[in-house]
Amino acid sequence: MPKAYEAGKVEQKWYKFWLDKGYFKPEIDPEKKPFVIIMPPPNVTGELHTGHALTATLEDIMIRWHRMMGEPTLWLPGVDHAGIATQVVVEKMLAGEGVDRHKLGREKTQARIKQWAESRRQMIARQHQRLGASCDWSRERYTLDEGPSRAVRTAFVRLYEKGLIYRGERIINWCPRCATALSDLETDHKDIQGNLYYVRYPLEGSKEFITVATTRPETILGDTAVAVNPGDKRFKAMVGKNAILPAVKRAVPIIADEAVDPEFGTGAVKITPAHDPVDFEVAQRNDLPLVNILNPDVTMNENAGPYAGLDRFQCRQAILDDMEKDGLLVKIEPYGHSVGHCMRCQTIIEPIASQQWFINTRPLAKPAIEVVTGGRINIIPERFTKVYLNWMENIRDWCISRQLWWGHRIPVWYCRDCGEVTVAVDEPKACSKCNSANIEQDPDVLDTWFSSALWPHSTMGWPDDTGDLGYFYPTTVMETGYDILFFWVARMIMMGLEDTGDIPFSTVYLHGLLRDEKGEKMSKVRGNVVDPLDTIDKYGTDALRFALTNDISPGNDIKLTPSRLEAGRNFANKLWNATRFVVRSIEAGGSELKIQQEQLTVEDRWILSRLNGTIANVTRLMDNFQFGEAQRQLHDFLWGEFCDWYIEFAKIRLGAKDASPLPVLVYTLETSLRLLHPFMPFVTEELWQNLKKHLPAGWHKTDSIMIAAYPEADEKAVDPPAERVMEAVIEIVHAIRNARAEHRVESGRWIEAQVCAGELTKAVSAYSPAIEMLARARPLSFFKRREEAPPVENVLALVLKSSEVIIPLESMVDPAAERKRLEREIAQTGAEVARLETRLKDKAFLTKAPEAVVAKERDNLNMRKDKLERLKQSLDRLG
Ligand SMILES: [Zn+2]
Ligand SMILES: [Zn+2]
């Protein structure tokens, strides 16, 4: 074996080996229940970031673990076309070439996006392979593949026929830059410091006014009423009269509606149904007309009268100027409020009433609530159950049409002759009513999350009744970030139930977000993004995986820091060195490799007990999705107990030509490598294969650690008496080593120690040679109780959990050298005291220096005097 672990040399070799052997493909066994994870499909917009690496690592841990337990295990990879996100990226690229997509045309733009997405798709697959993802590439799916696309059209048609998809005029979030509608979830709300403008509307045929407050004065042009609360006495007389809009001079009724908050502004509000969701509902209740004042590029349209053609913000200024002139602008107050921005391009969105396709989500939400409250779907961590239910209970209709070119085109055709709407899975040749061929497909595409919502069943072949769908669906775990609980998880549950009648998965595991050392969210804008491939090149894949899952717990954010990456790399090296030692010991020979129970020493029984305790804990923790804690316990066992102690004890025996630890060394290492494999697949495979070469044939029948059996805890191996003795021995060595370090004892120096270990004395004293060696303590004497030991003056007494260690101070320090050191320090400290005393008597200093400086120097002097006193006492004690 080479001297050091070189991750770069072995990782690609093993990945290819696994792939060639077909280990990633599950074998369908009707007798067994499969374990299935559908990978959250990364967007084809770019390369993988550490968030993807975290997803891949957690899922690979679960997948490798279940595969080793002998379950038919499917991990299905895929990528998402990511509608708007991808189109925005490619539009920016086109703009860089001076090309406008509208001039290029739909087909050519689509071709450009497709070409770019294809290159990204291959890159993403390669990156997953570098991460060690053991997913079944033969089943890889892409949302725009024919299968998933037909599932999208089928789901649409079925919902339409059930009356759950409808086309209607509603307020949507309009991004003028992307020129599309957005769902509420795609809109970021940001607090903005704006103004609240108080404007007077003259009452028709009267000298009176009614004053309203608004943050968007340009929308006055689209008002169709003024509303007050029905209980508001101030406006009682005005209800039923008309107000005249400033600028456009249109008359609008003053109405009473419960939705009006009498505390806001003046208590009277303007109603702009075409540009505000609340006003839209007021208008529906009160039968008010809609007046849309905006073009798709958010310039003012013909309804804006004299302002037609102006940009929305130019119009705002123009109308304010005009109202000012007319004396209708009462006052302007600074006003902080929340404004929607496009999640993709950060342009301020404009609420606009428009014809869009919607899903009536309430009927779908009901069963999606029941499967969670009824416990058929478990959400981990549990606290997100409430968040999920709250969202589902208040769900709003989902706007699914997007005015984009990249995505699944809506399967709806309009007849130009009779106006009939034909909705079909396959492209119709003629109108379903009048049979005219003069039909035209809806130009819009579906929200990218529509296809994502079908992902667990569309990837398995739905709507066809495929073997995969029958065997692997419902899937087992949906593992993803908590930030897409509503976007994705909730919608998969609704659509899975609707399309298949069954839940899409039984467990939802939500991981947290990645943060940097300072706890900041990683983002390109902050410039703190860690590239997983750079990290792999520098530290190795296993180190990255180790760092990502270090300390992780469901739903909590994760810090990825260089020190954790280093810890991962060091851990791989530690295992490498341990395995090299074991392999060399096997080569030296001298013992059978099979464990003979009757020949086991206490330390053998101890490490086997600890190994089985660790297996039991790790299995229980993995069952509870506590991967961070499972990894920590594995690390602490392997590093802290096996490498640092058991191997050190074994070296003493092997050094004395006693090969008896060999079977336990081999057994513990081999079992631990299997236990660790799901977490650090590459280094464990490399080490396992190296070890295997030196083991007798038939030790392990499999060709790879990844298909070897996962260790099962043997309760019989648990041995509390052996653990008690070895804990005491380790504690004693630890304590003596710490004492040596604190007193700066040279490493070569032997020190004397008395150990009093009560009832464990006999068992512990059997380890006298090991303690002597590991702590460099000699002579070492053992007593049951301290009173039995010969009294010694000037001792350091270390009181431990199950023993007491007495070290004579003079055994740690050489009196002559110590006297010299103390004298030197006394002289030095004395000189400092003298210097400070002189200074504090200097009148010039005392008058000129600030008080704080003088006080500090006084403190300094007192501290030094105190130190001098203690140094003198120490010198006296030396005698
Ligand atoms: Zn946008
Ligand atoms: Zn027709």
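Order of listing sets the numbers, starting from 1, for every ligand and every atom in it.
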Exercise for the section: Nearest 10° is fine: what angle sits at the Zn ion (ligand 2) between SG from Cys415 and SG from Cys431? Expected result: 110°
Handout entry: With the Zn ion (ligand 2) as the apex, the SG/SG angle for Cys434 and Cys418 - to 10°
Key = 110°
Are side-chain N/O atoms of [X] and [Y] paired as donor and acceptor at under 3.5 Å?
X: Ser451; Y: Thr143; result: no
X: Ser436; Y: Asn438; result: no
X: Ser401; Y: Asp444; result: no
X: Asp499; Y: His457; result: yes

Problem - Angle subtended at the Zn ion (ligand 1) by SG of Cys175 and SG of Cys345, nearest 10° - result: 100°
